[in-house]
Amino acid sequence: MMEERQKKGNLVFAVNGERFELPSVDPSTTLLHFLRSETCFKSPKLGCGEGGCGACVVLISKYDPKFKKVEDFSVSSCLTLLCSLNGCSITTSEGLGNTRDGFHSIQERFAGFYASQCGFCTPGLCMSLFSALVNADKGNKPDPPPGFSKLTSSEAENAIAGNLCRCTGYRPIADACKTFAADIDIEDLGFNSFWKKGDSKEMKVSKLPPYDPTKNFSTYPEFLKSESATNLDSSKYPWYSPVSIEELWSLLNFNVTVNRASFKLVVGNTGTGYYKETQRYDHYVDLRHIPELSIIKRDQTGIEVGATVTISKFISILKEESNINLGSYGKLVSQKLADHMEKIATPFVRNSASVGGNLVMAQKNGFPSDIATLLLGLSATVSLMTSHGPENLTWEELLSRPPLDSKTVLLSVCIPFKKDRSSHQTHSRFLFETYRAAPRPHGNALAYVNAAFQADVSHCKNGVLINNIHLAFGAYGTKHAKRAKKVEECLSGKMLSVHVLYEALKLVKLAVVPEDGTLHPEYRSSLAVSYVFEFLYPLTDIHSSISGGLLDGINDISDEELSESSNKGCISQGKKQTLLSSSKQVVEFSTEYSPVGEPLKKIGAAMQAAGEAVYVDDIPSPPNCLHGAFIYSTKSLAGVKGIHLEPNHLTNTTIITYKDIPTGGANAGVVTSFGSDPLFAEDLSRCAGDRIAFVVADSQRSADVAATTALIEYDTTNVDSPILTVEEAVEKSSFIQVPPPFQPTQIGDFSKGMAEADQKILSAELRLGSEYHFYMETQTALAIPDEDNCMVVYTSSQAPENAQSVIASCLGVPAHNIRVITRRLGGAFGGKFTKAMPVSTACALAAYKLRRPVRIYVNRNSDMIMTGGRHPMKVTYSVGFKSSGKITALHLDILINAGITDDMSPIIPSYLMNTLKKYNWGALSFDIQVCKTNLTSKTIMRGPGELQGSYIAEAIIEHVASLLSIEVDSVRNENVHTFESLNLFYGNVVAEGEYTLPSILDKLAVSSSFFQRSKMIEQFNQKNTWKKRGISRVPAVYNASQRPTPGKVSILQDGSIVVEVGGVEVGQGLWTKVRQMTAYALGSIESSWAEDLVEKVRVIQADTLSVVQGGLTAGSTTSESSCAAVKLCCNILVERLTPLKKQLQEKNGSVDWPTLIRQAQTQSINLAANSYYVPEFSRYLTFGAAVSEVEIDVLTGETTILQSDVIYDCGQSLNPAVDLGQTEGSFVQGIGFFMNEEYLTNEDGLMVSNSTWTYNIPTIDTIPQNFNVHLVNSGHHEQRVLSSKTSGEPPLFLAASVHCATRAAIRAAREQLKRWDKLDESVSEFYLDVPAILPVVKTQCGLDYAEKFLETLLVKQPTCFK
């Protein structure tokens, strides 16, 4: 009967206007997998597989034949099932625009605003913006001015709020997006390639790549409209699309459960981003075609929402102006729900995630849902379909039941509205407020706590009477959202007073208790208390008493805030506005070496935006290609007895271990100058994350699932206890030796310096944790066997030649048998040097053994576990100083946790000391030990050791200032180097006039209004109880080291130029600078040619059999070294071509470039040149400084970066646009280390924050709201490449200014506690952990801040407030 009612058909859809019809398909196939493996469209990238990064975003368009409308929305293609797209049209970034058909204005504006660096995330960003543009232009807003859309600036920012980018720092991306917003002030937009100084507003608009919404191409092709709307033929596809509840019931109870078949109910499939699936289902049941499940009704009685309604659809209905009078409570609830739900997940997940799916995950799996808490606070009811029939009950009752069985389906949810009071009850009203605190304020992060409060209150002569109250809390470390009923009972029927509120808060703390094992449990309980305080405090009778001057030192909220707060029930939630304000970019560039020094667009930026730039995983799989995944240890130290795959993974899989290494080959996965690491553990796994085996299957998903479900048989008998901490390493003398050349030198006489000190700090301690690189493209490689025992390997590596060497060593063949090719990387940051080697080597070994191509794209979760990250360390310091703050001596005992192997750890001590020496410590002594522990090997990461060293210096300065109770900025100034002391500490590396730091600090103080703002912040902090601000100015000194680099320049017959260099393009603009340098250097034949020559240059991929001695791309100096190498090549070519040019000029009067090259060909002049640049002076210093201002919420610990001003000495920049992007991106990555990124491990040392759900890199809502950057051109530097300096690493250290400013804001909060006589310890002597996440900030302010505030009131005026 069911079969008869269904129209049978094949799966039909369109991609970029091209029709696809699939007679059969595995129903678990995702759209991303199909696009990347079965089509030529590679712009959607796999960044996480969790819906958490936005790299895979595409536009889905659906046609509604009833209303003859097309619905367009963005989705995560990594989660979207292909079978759910029957009759849909998919648009990818290639479909918007491309190299051949012309680029879309989105792609061109991204390129022109320098908003693409590595480019891996850019197509997804473009599609997120395009989706917002398409929908905004369909809206009923007034027509925008020509060239703009109906999008607002705020909507443009929010469109990309869910997309991650690790390179740019987001500011240029936001500016590119806001160029489409009708309400933007064009003067507020940042540095770009379109405008010249002095252009009028009109001129600026006219120079932008044109955008005309009326000429947007159709997202839904006409031919699809004529396709009959069919359901999939379930005899071909195990995919059912019931159209009624009766049909669904029949399916679940009879049809799909025959022979105990497994089935899955699907709507958006987004739950698989959180709960990773390893099982296969026999049947899929799509619930979206059942009308009762997609219902949305809203009237004066309440809201009914069907289970398959998407979160986005629910939000849009809640925001709609209703013709029906919803009442004041209905309007309030609608607004609060919409605002809160916009902070759930990301826009492209909300577009397909269903309300019902979210709730069922909460009920069955304990998912920390926000919607579950909101519904509990609103006394919602739910309708179910069970195997026994329909059932209605409250959401609270359903949460208390056991997990729903597989045949029970949630149908709908009802939220009741309360009726407005009659006219004689106007003194009564209903309140409703929601709360959430999360690592990211605007979504894309799980909440620490969420809450929904509802109250019925009456205003009486004596104050406010609470008639009834509901307090629901969730996500705090409990299986389900819960109501705090004892608190409700305590408050209901009482007049609200300070005393009543105080007693209620005590009960909240007892009611909201996280389960054992929950992270930051005290913080979560404290947050719940803060929320109840925020909700009820504005209703107490206290405000008039305070304004009457009863309490000294407590400045309460203003009258306006009070009335607004009692409406909203909150204190600390501000008004909606754009995330970012205007920012200034000042670049001082020179045309002396034109086109070097000009802010040219990054090579291929528009192509990257279109998704046409080819990364390793974009290379089409060769025939018979297999896919691999690593099986790694989850134990810190254990014997390995065996590996067992699940029975269903035994066929079509092969396990590769150390036993498969050919005779003559070595078990080598990493080789550096400090030693080698094994490719696979042999009989003993030495750390959690240790590679044990490589499983090979016919698809990446099969390999990943086989690896995930593999059982490793461990043996811990006769195995020592593991060493996990540096203290244990010291106890067992487990150290890694640092060769003498890498041992830093001490300075001065420490004992003498301490004797000169007025005061001392002895044996103070600080600790720094690890950090994951979070490149957007994970580790990847493709190995293809070739003739004569050779192998071609494509790898995403910062050091292809090292990869070649390791692969050859493992296979036991000469290096010339291994050709390693690297075109570009989707980000690296140091993580693709040693950590990329075992990935390509394992692929090559498997390909060698199986004689078939093998590739791998390491999934994000495994990548995070196996990469190791930045070096954690423990620092103990003793420091002597004068009363003025001048430091006379510093001694450090530093224990560096290197993990299990040497990797690059021996360089860390000297790198660390290089940046720590940025201050004049008088005498500097240290004892640094590199500890060998049973953790994954730590590796280099942007600013390795240097980031920690620079911060340690700031922490010591802060400590000295706090002990002396003087301004920390004055202590910094006391200890900034003189020219003489700088050369003493750094070894005479700086010439007279090159020490620019003092002038940068002075310039920054003026440009950032540092001193004026410091005074304003003092006043702000005196007037505000719940928000505190801090400001900090921090310097940086970076010791740059150039390495030898090869180059090769070839001029082809038509005059086009091919360049090869040792450096790899990782997003840092190396190719762009090399291209400019080539044009400049060859242009010395005839200076008028230089500009035209830029377009003739192509820089090509690194190939280890073409250019040798390529070395490592790292340390930020490879671009300039590559430029220097190319310049040497060009000089050779110029020398060969100049005599010919003179001859031709004498003969013809003039000569152009093509003619010159044609003649050179006929005269057999060698038009190719190789070089090897060996720097004469390999070291130099760069300088910079930053001022950052933050605002903290003392009740939640949330930190907002209001403004950051950076001045950086870039020398004479090779490309100021590229260097500006590096500066901004580096600074924001530093914010991640200091403020956001919590690297968590379990008791075995296994990383457990290994997903986008648990590891939070900065997003657009966590960067400085006002971000000003000035690149200083410090003139000629004879020992540099055309007087340039590096820019990639040093600005990273300046992000410490944000951390230091946060410390200053916390100090202001503690000063307030001291004034209330509620702080037993020192106001200023506290250590602020890194990263300073919300729990850390709130803990240092005081977890019981609200209670202490109320205690102060009760003590001062006990009778007034009871």
Side-chain angles (χ1 to χ4, degrees), residues 6 8-15 19-42 44 46 49-51 56 58 60 75-88 90 230-241 251 255-273 275-288 352 617 620-621 623-629 645-653 695-709 855 857 859:
Q6 269 193 355
K8 296 179 181 181
N10 285 344
L11 177 60
V12 177
F13 55 91
V15 182
R19 185 179 184 278
F20 286 85
E21 181 170 353
L22 306 183
S24 64
V25 67
D26 179 341
S28 68
T29 303
T30 63
L31 172 59
L32 181 66
H33 175 78
F34 174 79
L35 290 172
R36 294 190 60 75
S37 61
E38 303 297 328
T39 77
C40 60
F41 305 116
K42 302 295 176 84
L46 179 59
E50 299 173 333
C56 69
V58 299
I60 301 293
V75 300
S76 278
S77 60
C78 70
L79 301 178
T80 304
L81 293 176
L82 192 63
C83 286
S84 69
L85 298 173
N86 195 28
C88 292
I90 297 111
T230 59
N231 285 328
L232 298 185
D233 184 345
S234 53
S235 64
K236 293 183 181 178
Y237 315 85
W239 184 278
Y240 298 87
S241 304
L251 262 176
N255 299 65
V256 299
T257 50
V258 176
N259 302 324
R260 296 190 174 179
S262 62
F263 64 90
K264 180 181 179 180
L265 303 178
V266 292
V267 180
N269 198 49
T270 55
T272 56
Y275 297 107
K276 301 294 166 62
E277 282 184 356
T278 53
Q279 78 170 99
R280 294 250 176 195
Y281 293 95
D282 298 313
H283 305 283
Y284 287 72
V285 180
D286 184 352
L287 302 177
R288 295 172 306 154
S352 49
D617 197 52
S621 291
N624 301 315
C625 189
L626 297 170
H627 301 256
L645 296 184
E646 284 200 345
N648 53 328
H649 297 307
L650 289 173
T651 55
N652 301 322
T653 54
V695 61
V696 180
D698 56 3
S699 73
Q700 190 63 62
R701 183 174 186 266
S702 298
D704 284 338
V705 170
T708 303
T709 55
R855 75 187 315 160
Y857 190 79
N859 70 72

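- Expressed to the nearest 0.5 Å, how far CD of E277 lies from CD of Q279 amounts to 7.0 Å.
- The closest side-chain heavy-atom distance from V696 to H627 is not below 4.5 Å.
- Remark: side-chain polar atoms of N269 are not paired, donor with acceptor, to backbone N or O of L81 under 3.5 angstrom.
- For T709 (side chain) and V705 (main-chain N/O), a donor-acceptor pair under 3.5 Å exists by modelled atom type.
- Between Y237 and S24, the shortest heavy-atom contact is CE2-CA, 3.7 Å.
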Between T653 and L645, is a side chain to side chain contact (heavy atoms under 4.5 Å, CB included) present by the stated rule, with each step listed?
-> CA-CA 9 Å; T653 54; L645 296 184; 3.5 Å; yes

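- Here OG of S262 is found 8.0 Å from OH of Y284. Values are rounded to the nearest 0.5 Å.
- For the pair T39 (side chain) and F41 (backbone), a donor-acceptor distance under 3.5 Å is present.
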Starting from the C-alpha separation in whole Å, work towards a yes-or-no answer on salt bridge (charged side-chain N to carboxylate O under 4.0 Å, His left out) for D617 and R36.
-> CA-CA 9 Å; D617 197 52; R36 294 190 60 75; 3.3 Å; yes

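- Taking the six-membered ring where tryptophan is involved, the planes of F13 and F20 are essentially parallel, since the angle between them stays under 30° and well short of 60°.
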Is there a side chain to side chain donor-acceptor pair (under 3.5 Å) between T80 and S77 once you walk through the steps?
-> CA-CA 5 Å; T80 304; S77 60; over 6 Å; no

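- Distance alone, capped at 3.5 Å, is enough to place a donor-acceptor pair between the R288 side chain and the S84 backbone.
- Looking only at side-chain heavy atoms (C-beta outward), E50 and K276 come within less than 4.5 Å of each other.
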